Every structure is written in structure tokens, then in C-alpha cells.
Amino acid sequence: MTSYDQDYQRSITDPNHFWKEKAQILDWIKPFTVIKNTSFHKEDFRIKWFEDGELNACYNCVDRHANKTPNKTAFIFEANELGNARSISFKDLLKEVCKFSNVLKSKGVQKGDVVTIYMPMIPEAAYAMLACSRIGAIHNVVFGGFSASALASRVDDCDSNMIITADASVRGPKTISLKETVDVALEESKKNTVKTVITVKHIGSKCHMKEGRDFWYYDLAKFMETTCPIEPMKSEDPLFILYTSGSTGKPKGVLHTTGGYLTYVAFTHKTIFDVKENDTYWCTADVGWITGHSYGVYGPLANGTTSVMYEGIPTYPDASRIWKIIDTHKVSLFYTAPTAIRSLISQGDEYTQTTTRTSLRILGSVGEPLNPEAWQWYHDVIGNGKCPIVDTWWQTETGGMMLSPQPHGMNLKPGSVDKPFYGVKPELVDNKGTIIIGKGSGNLIIKDSWPGQMRGIYKDQDRFFKTYFSRFPGSYSSEDGAKRDEEGYYWITGRVDDIINVSGHRIGTAEVEAAINNHFDIAESAVVGVPHLIKGESLCAFVILKAGSLKSNSIKGEVMQIITRDIGSFAKPDTFIVVPSLPKTRSGKIMRRILRKIATGDHDNIGDISTLSNPRIVVKIIELMDHKG
Ligand code: WTA
């Protein structure tokens with residue numbers, strides 16, 4: 001047995017002892033005596049970890065390092081333009097976070113309030129998150145690529161009373177006005193719960209400031225003390241909500257709590273990246289996504305790690321930017337998404353040849369399957385053939401990494417996410433819920449709780465149980481499909497529900513269809529995901545026009561504008577096609593499986609269409625697609 005096998009067995013057979021020991025990675029204000037108190041069964045459903053313990057997440061991420069290693073760098077901020085980097089030490093981080101906390105308090109923010117953060121990738125985004133956790137407020141970070149409508153609906157859903165934003169962000173050659181979007185969102189907001197907007201002046205753009213509501217952050221901060229007491233939080237007190245797409249209905253406010261989440265992200269980060277004192281770590285994910293929360297802010301800071309934060313895009317000013325940042329700051333641990341890797345492969349080798357990347361020690365991947373060709377390039381070219389790759393499978397809901405190799409002493413198989421992390425009990429089941437033993441493929445479920453697990457959907461506990469625990473009673477259903485080989489290695493095959501993963505962004509087909517259907521001339525639509533060489537998947541939209549509407553050439557452009565308005569431009573379909581009707585079952589359900597086959601050109605394997613109410617439509621749509629192509 002390897003040491004991984006031994007530790008894994010221990011974590012599964014005796015979770016209480018295992019997690020009691022591992023939770024010492026944090027400093028607790030009041031030590032816990034109860035460890036795991038969980039059940040996935042309807043009768044006694046509960047998920048609680050370390051419930052009688054008390055701690056503060058910000059203290060664990062900032063103060064304790066500021067006390068021990070005040071001059072160690074917490075963040076290296078690399079701006080959009082080359083040569084504009086600056087370092088923030090743990091001591092400085094503590095001061096900045098305290099000032100931010102005092103600003104929030106001066107505007108009336110209290111423990112339990114929801115503060116929305118709509119920020120670019122700048123240090124103030126992390127300060128704002130940590131300030132919330134310092135004073136016990138719940139942050140709700142909304143990705144800066146979301147539109148005003150998407151922001152408004154998220155703010156309304158959680159009754160947030162404050163928004164923290166920046167004037168604008170610069171990404172490559174583009175300037176993105178964030179404050180302007182906030183203004184529009186607040187006009188659209190139905191509940192008007194937001195009383196205060198705090199804006200960080202980042203690039204100096206002019207903004208409209210509404211009297212009594214809008215304040216410039218640094219105008220307030222300059223009067224603030226650089227110390228601020230921490231709020232002791234119960235282990236199960238909320239830390240944050242983060243909206244994510246589901247297969248039906250509106251986005252869900254995924255709720256994470258304090259003690260279990262922070263233990264889990266700190267411990268997974270330390271173990272999977274084998275973090276050492278002198279490492280420089282870079283997670284490229286935006287703070288607007290879960291990876292940015294768990295492995296851009298909370299995990300690395302809890303471990304006192306030096307992290308790079310980069311505002312710009314991988315291809316600005318050219319496709320060597322990422323590798324240059326790695327060389328300049330001697331990055332040793334690098335965590336990114338397959339879509340970024342694939343898009344950089346496609347730029348050709350000249351951009352890697354001007355850099356050495358010799359500082360790298362471990363490479364990580366997350367968000368979508370890392371195909372073996374991309375794995376090989378990442379390994380051979382980027383890592384100079386000497387860095388293990390940790391391909392980590394997890395979800396917004398899981399809080400942290402669930403299936404992943406560990407960098408030492410485990411076999412690495414290109415394309416595989418390897419084996420479960422400590423304390424994680426995966427199984428594969430068929431659609432009836434029968435457990436598959438040994439080699440096979442099926443639905444990936446998790447049989448028991450782990451500390452980083454989400455605790456609920458904000459204000460909708462019934463939906464929480466129904467979404468994740470009712471399909472396979474007694475288990476958490478991941479809604480991902482997976483294969484397992486004879487040696488017990490897992491391979492993720494992708495979502496089994498109607499979520500599409502475009503460049504690592506989770507997009508619900510229902511949300512895109514709802515946006516498309518907002519066009520006056522559209523009667524109905526169906527969106528499916530098709531494989532894409534770089535993005536992993538792309539969206540293909542089939543639409544039916546209302547009877548009598550004149551099919552205009554402008555409809556595609558108009559629909560794209562609506563999607564950009566309602567969701568954000570990252571959710572625009574690559575393919576858009578007007579069809580006379582959609583393949584449906586007799587009970588009226590759209591057969592997406594068939595549309596997916598048509599969209600991928602897999603015409604010979606469409607399967608049985610006799611159950612359709614309108615089988616002839618299949619040939620018609622194929623003709624339309626061919627004509628288009
Ligand atoms: C997919 C991102 C294959 C999966 C952390 C999951 C992956 C969804 C991997 C969650 C991986 C994530 N290999 N697929 N290593 N990591 N996924 O919530 O389909 O944005 O369900 O969390 O991304 O996306 P989310």
C-alpha cells in the first residue's frame with residue numbers, strides 16, 4: 001500500500017479522527033468538540049462540520065501570517081500593461097483589509113448582511129472579500145463579465161444591501177466599465193435593496209455618482225483606522241454565496257460556510273500543490289468563479305502562500321504573456337484551465353520559446369476535461385517535461401478539489417483525474433442507481449459528506465435537497481458522467497444534465513434559451529453544446545420564429561445583443577440557426593440528444609426517431625445545417 005492508499009483508507013474509515021487532525025491547519029478561536037454531523041438521507045438530512053467551533057476566516061488568511069511573517073508577499077499584482085507589477089506583503093494586506101472592513105462598517109454593514117462584489121482582478125477584490133469575512137458579512141461575488149440584468153437578478157435574489165465595484169477594468173486592449181453596469185443594474189433591480197455603492201478608482205474613468213448612494217472607496221478609506229477587530233464566527237455561519245448555473249430555472253445561490261470550507265480548501269491546496277514556504281503560486285481563475293474563491297483567495301492565503309494576481313488576458317500584448325509572468329515572478333505552482341492551455345497551443349511554439357519556465361514545479365488544471373494532447377503539451381513544453389500535472393475535478397458545489405492526482409507518489413495518466421482526495425467517497429451508478437463495481441462508466445455520485453461541501457441554496461433549502469440528493473437517494477449527485485479503469489482511476493466524461501461548459505464557464509441551456517425567447521419574433525428555442533477544439537464546448541442555438549414574423553437577416557445579431565444584455569457576451573452561441581420546428585417527443589419534450597447529434601454532424605448515429613411527434617423535422621434541420629455550413 002502506498003502512503004496515499006493508507007491515508008485514504010483512514011480518512012474514509014475514521015473521518016472524525018482524520019478531520020480533527022486536519023482542521024488544525026486553521027487557528028480556531030474556540031476549538032470544536034463535534035466533528036462530522038452529516039446525513040444525506042431525507043429523514044435526517046443535515047450537513048454540519050465542526051459545529052461548536054468558532055473561528056474567523058480573515059484572521060486565518062491574513063492576521064496570523066501578518067504576525068508571523070509580516071514582510072512575506074501575499075500578492076504580486078500584475079497589471080494589464082507589461083512591467084507594472086507590485087507586491088503586497090501580509091502586513092500591508094492586513095492594513096488594507098482592516099481599512100476596507102472599517103469602510104463597510106461605517107456604511108452600516110453588519111454581521112449576516114449580503115455584500116455584492118462586482119470587481120475586476122485587482123487586489124481590492126480580495127480585500128473586499130476578506131473584509132466581509134472579517135466582520136461576518138456574507139459576500140456574493142458576481143463575475144465582472146456578467147451583464148447588468150444578470151447582476152440585478154443576483155442582487156435581488158439575495159437581498160443584498162451594498163455593491164462594491166470599480167470604475168472600470170482593463171483587459172488586453174479593452175476597457176470594461178463596471179460602475180456603469182452597476183448603475184444600469186440598479187435601475188433594473190426590482191427590490192431596491194441596495195443602499196450603498198462603493199467604487200474603487202482603478203483606472204480613473206469618469207463615473208456618474210449618485211448623491212447619498214455612491215461613494216469613492218479611497219475617499220472613505222483615507223479616514224479609516226488600519227486596525228479592526230475580527231468577528232468570531234460559528235463554524236457553520238455563512239462565509240459566502242456564489243451564484244452558479246443549474247440545469248433548470250434561475251441560477252442558484254450556492255452557500256458555503258466557514259469552518260469546513262476553509263479547512264477543506266486550505267488542506268486540499270496544501271496537499272495537491274505540495275505547497276512549500278518559498279513557493280510562488282498562480283491561479284489564473286477570476287475571483288468571480290469558485291476557483292478564484294477557493295484557490296485564488298482562501299486556500300492559498302490560509303496557507304500563507306505568495307500568489308500572483310493578473311488583471312489582463314493571456315494573449316496581451318501577445319501569447320507569451322503568461323509564460324513571461326511565470327519567468328518574471330518565478331512562479332513554481334501554476335493552476336489554469338484547459339481552454340487557456342488549448343488556446344495557447346494554437347498560437348504556435350514561438351511564444352513559448354522566448355521563455356524558460358524553469359521555476360515551475362507543479363502544474364494544475366481545472367474546469368473541464370484536459371484532453372490527452374493538451375496534457376502532453378502542458379507537460380512536455382510548458383513544464384519542460386519535469387512537472388507533475390494535477391488535473392483536479394470539482395465543482396462550485398463541492399467547494400474544493402474532489403478527484404485529483406497528488407503530485408508525488410501517484411501515477412499520472414493523461415486525461416484522467418486520478419483518484420479521490422482524502423475523505424471523498426465516489427461511486428459510479430447507472431441511471432437506475434445501481435452501483436457499478438470495478439471498470440465501467442456511469443453517473444458520478446459521492447456517498448458521504450466532506451467538509452467543503454455546499455450547505456444550501458440561499459433561501460431555498462428544498463431546492464437544495466431536490467437538486468442534489470433526490471435522484472440517487474442517500475448520495476450527492478454531481479451531474480457529471482465518469483469512467484473508471486481497472487486500476488480505479490477516474491476519467492470525467494462531462495455533464496449529464498443541461499449545463500454546457502464553454503471555456504470553463506458553466507452555462508445553463510435554460511438561461512440562454514430564456515434570453516433568446518425574449519426576442520419578440522422568437523417562439524421557441526433550444527440550445528445544445530457541441531465539442532469545440534479550444535473552448536471544450538460551444539453553444540449551438542436552434543430557434544423557431546413566431547408565425548407571421550418576417551424572417552429577417554438581422555435576427556441573429558439582435559438575439560446576440562439580447563444574450564449579451566441578459567447574461568453576458570461569454571454566453572453567445574457560435575452557431576445560430578432558424579428552423580421550422582424542433583424535434584419533440586409526443587409529450588412535447590425537446591429532444592436535445594438529437595439536436596446535439598445534428599449539430600456535431602453525427603448524422604449516421606441519430607438513433608431512434610420514431611418516438612418523435614414530428615420525425616421528418618430531423619432531415620429538414622440537417623439540410624438547413626448543411627446549407628448553412
Ligand atoms: C467540470 C469549477 C473535467 C465538470 C471548479 C463540473 C471538470 C463542472 C473538471 C463544475 C476536470 C471541473 N475535468 N471536468 N478536472 N473540473 N469540471 O462549478 O463538468 O464552475 O461539473 O466549478 O466543471 O464547474 P464549476
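All ligand and atom numbering here is 1-based and tracks the order in the structure. Everything numeric in this text was worked out from a predicted model, so none of it was measured.
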Worksheet item: How are the rings of Phe45 and Phe465 set relative to one another: parallel (under 30°), tilted (30 to 60°) or perpendicular (over 60°)?
Response: perpendicular
Discussion item. Which label fits Tyr335 and Phe273: parallel for a plane angle under 30°, tilted from 30 to 60°, or perpendicular past 60°?
Written reply: perpendicular
Discussion item. Quick check on Gly494 - does any of its heavy atoms sit under 4.0 Å from an atom of ligand 1?
Written reply: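 Outside the 4.0 Å threshold, so no.
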Worksheet item: Could a heavy atom of Trp394 be found less than 4.0 Å from some atom of ligand 1?
Response: yes
Worksheet item: Which pair of non-hydrogen atoms, one from Lys252 and one from Ile457, has the smallest distance, and what is that distance?
Response: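 Looking at all heavy atoms of both residues, the shortest contact is CD-CD1, 3.5 Å.
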Worksheet entry | Greater than 12 external heavy atoms within 6.0 Å of Lys439's NZ |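 It does not: Lys439 NZ has 12 such atoms or fewer within range.
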Worksheet item: Counting heavy atoms only, which of Met401, Glu368, His293, Arg495 comes nearest to atom 9 (C) of ligand 1?
Response: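 Comparing heavy atoms across Met401, Glu368, His293, Arg495, the nearest one to atom 9 (C) of ligand 1 lies in Glu368.
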Worksheet entry | Shortest reach to atom 22 (O) of ligand 1 by a heavy atom, considering only Thr396, Thr244, Ile500 |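 It is Thr396 whose heavy atom sits nearest to atom 22 (O) of ligand 1.
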Item to complete: Determine whether the side chains of Thr336 and Thr284 contain a donor N or O and an acceptor N or O closer than 3.5 Å.
Response: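 Yes - a donor-acceptor pair under 3.5 Å links their side chains.
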Item to complete: Say whether, by atom type as modelled, one donor and one acceptor occur between the side chain of Arg342 and the main chain of Leu533 under 3.5 angstrom.
Response: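 Looks like yes, one N/O pair under 3.5 Å.
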Worksheet item: Applying the ring pair (Phe, Tyr, Trp, His ring centres under 6.0 Å) test to Phe421, which of Phe18, Phe267, Tyr4, Trp394 qualifies?
Response: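 With Phe421 as partner, ring pair (Phe, Tyr, Trp, His ring centres under 6.0 Å) holds for just one option, Phe267.
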Fill in: For ligand 1, the portion of Leu370 having any non-hydrogen atom under 4.0 Å away
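Near ligand 1, Leu370 shows nothing, with every heavy atom at 4.0 Å or more.
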Practice prompt. Select one of side chain, backbone, both or neither to describe which atoms of Ile499 lie under 4.0 Å from any atom of ligand 1, heavy atoms only.
Written response: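 Neither; nothing of Ile499 gets under 4.0 Å from ligand 1.
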Discussion item. Quick check on contacts: which atoms of ligand 1 are under 4.0 angstrom from a heavy atom of Thr291?
Written reply: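 Within the 4.0 Å cut-off of Thr291, ligand 1 contributes 5 (C).
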Worksheet item: Which of the atoms of ligand 1 are close to Pro369, meaning less than 4.0 Å from one of its heavy atoms?
Response: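 Counting atoms of ligand 1 from 1, those under 4.0 Å from Pro369 are 3 (C), 13 (N), 14 (N).
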Discussion item. With nothing but distance in play, are any N or O atoms of Val366 less than 3.5 Å from an N or O of ligand 1?
Written reply: no
